[in-house]
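Below is one structure; the comments refer to it alone.
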Amino acid sequence: MEGPSIVILKEEIRAFKGKKILKAIGNTKIDKERLVGQKIISFKSWGKHFLIEFKNFSLRIHFLMFGSYRINSHKNSTPRLQLKFEKGELNFYTCSIQFIEEKLDDVYDWEADVMNDQWNERKALKKLKMIPNTMICDALLDQQIFAGSGNIIKNEVLYRVQVHPESFIGKIPLAKLKEAIKAVRDYSFDFYTWKKKFELRKHWLIYTKKKCPLDHKVIKKYTGEGKRRSFFCPACQLQFI
DNA sequence: AAGGATGTTGCCTG
DNA sequence: TCAGGCAACATCCT
């Protein structure tokens, strides 16, 4: 689940703000009893982290690859965590859940969160300049630089800016690098809009495709240190090495 | 319809 | 000793 999906969750769950947890069950190993009686102060997100803020601590939920949730409904499987309220319930499945004791502002740099109002592209550029020998395909998945960017966003952004995933940061012209940084945020908002309309896939230009929009053959390769799937068109996307 | 993946952590091994 | 590999998570898609 990439950053935009977490922003959507944050919106869908809004009505539970200020509500008191009456019951907490599920197969998570965290101390669920600690949640009972707590009032939700706010829902926040940082990249792929979904955050529930309480008075003296917060809960961090990460959905990884297969995580899911239900609001006021549930699946047949045991939830990792279920929160019951006077009216309604929240169910989180197959996710990683942790307590955060520190204040969220002390833990998270909101300027690194691609979809946040505080997103700082100059800071992202500065971080990229520090890793010239890193491939762009790895950098676009680095949550310390682009929190919320995932493998779909990586692939679509690289196609949009016509850069080969195995290009080295230090070899990419500055203007192109800046263009890529902007494209990560722009594509994330497009992702958000399309996902809400259940038409995300329809808009993929390169991800999982066999042919690019210009009908060239698309290469599928596990690239970079992370060895994540990259789909790219060698004809459309220039490699900087 | 079997197999892989929108992701990260943590254990195991050499 | 530590980096790299890989299982785990459990569902949905091709």
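Residue numbering restarts at 1 for every chain, and letters A, B, ... go by the order of the sequence lines.
Looking at the side chain of Glu2(A), the nearest of the listed nucleotides dT8(B), dA10(C), dT6(B) is dT6(B). For Arg201(A), whose side chain is taken as the heavy atoms from C-beta onward, the closest listed nucleotide among dT14(C), dA10(C), dG7(B) is dT14(C).
Ring-plane geometry between Phe92(A) and Tyr69(A) is classed as tilted, the angle between the planes lying from 30 to 60 degrees on a 0 to 90 degree scale. Aromatic ring orientation, His49(A) versus His62(A): perpendicular (interplanar angle above 60°, classes split at 30° and 60°).
Sorted by residue number, the members of residues 60-78 of chain A with any non-hydrogen atom under 4.0 Å from DNA chain C read Phe66(A), Lys75(A), Ser77(A).
Distance Lys220(A) NZ to dG3(B) C1': 10 Å, rounded to the nearest Å. Between the OH atom of Tyr192(A) and the P atom of dT6(B) there is a distance of 24 Å, rounded to whole Å. Going from atom CH2 of Trp204(A) over to atom P of dT14(C) covers 8 Å, rounded to whole Å. Atom CE of Met1(A) is separated from atom P of dT11(C) by 13 Å (rounded to the nearest Å). Atom CG in Asp142(A) sits about 10 Å away from atom P in dT8(B), given to the nearest Å. In this entry the distance linking CZ of Phe231(A) with C1' of dT6(B) reads 11 Å, nearest Å. Taking atom CD1 of Ile152(A) as the reference point, atom P of dC12(C) lies 15 Å away to the nearest angstrom. Atom NZ in Lys29(A) sits roughly 11 Å away from atom C1' in dC9(C) (whole-Å rounding).
A distance-only check finds a donor-acceptor pair linking the side chain of Lys154(A) to the backbone of Arg229(A) [under 3.5 Å].
Where Glu225(A) and Asn27(A) meet DNA chain C, the nucleotide closest to each residue was compared, and Glu225(A) sits on the side nearer the 5' end.
Taking a pair to require two hydrogen-bonding distances under 3.5 Å in either a Watson-Crick or a G-U wobble arrangement, dG4(B) pairs with dC12(C).
The closest side-chain heavy-atom distance from Glu166(A) to Ile241(A) is not below 4.5 Å. Inter-residue side-chain proximity for Tyr93(A) and Lys75(A) is flagged as met; some heavy-atom pair is nearer than 4.5 Å.
Comparing the C1' positions of dG4(B) and dA7(C) gives an interatomic distance of 15 Å, to the nearest angstrom. Comparing the C1' positions of dT6(B) and dG5(C) gives a spacing of 22 Å, expressed to the nearest Å.
Linking Ile, Leu, Val, Met, Phe, Trp and Tyr whenever their side-chain heavy atoms come within less than 4.5 Å leaves Val163(A) and Phe168(A) in two separate clusters.
A close approach under 4.0 Å does occur between a side-chain nitrogen or oxygen of Lys48(A) and OP1 or OP2 of dT8(B). For Arg80(A), no side-chain nitrogen or oxygen approaches OP1 or OP2 of dC9(C) to under 4.0 Å.
Residue Tyr207(A) is classed as a sugar-phosphate contact, given heavy-atom separations below 4.0 Å to backbone atoms only.
A cation-pi arrangement is present between Arg34(A) and Phe57(A) under the rule of less than 6.0 angstrom and at most 45 degrees off the ring axis.
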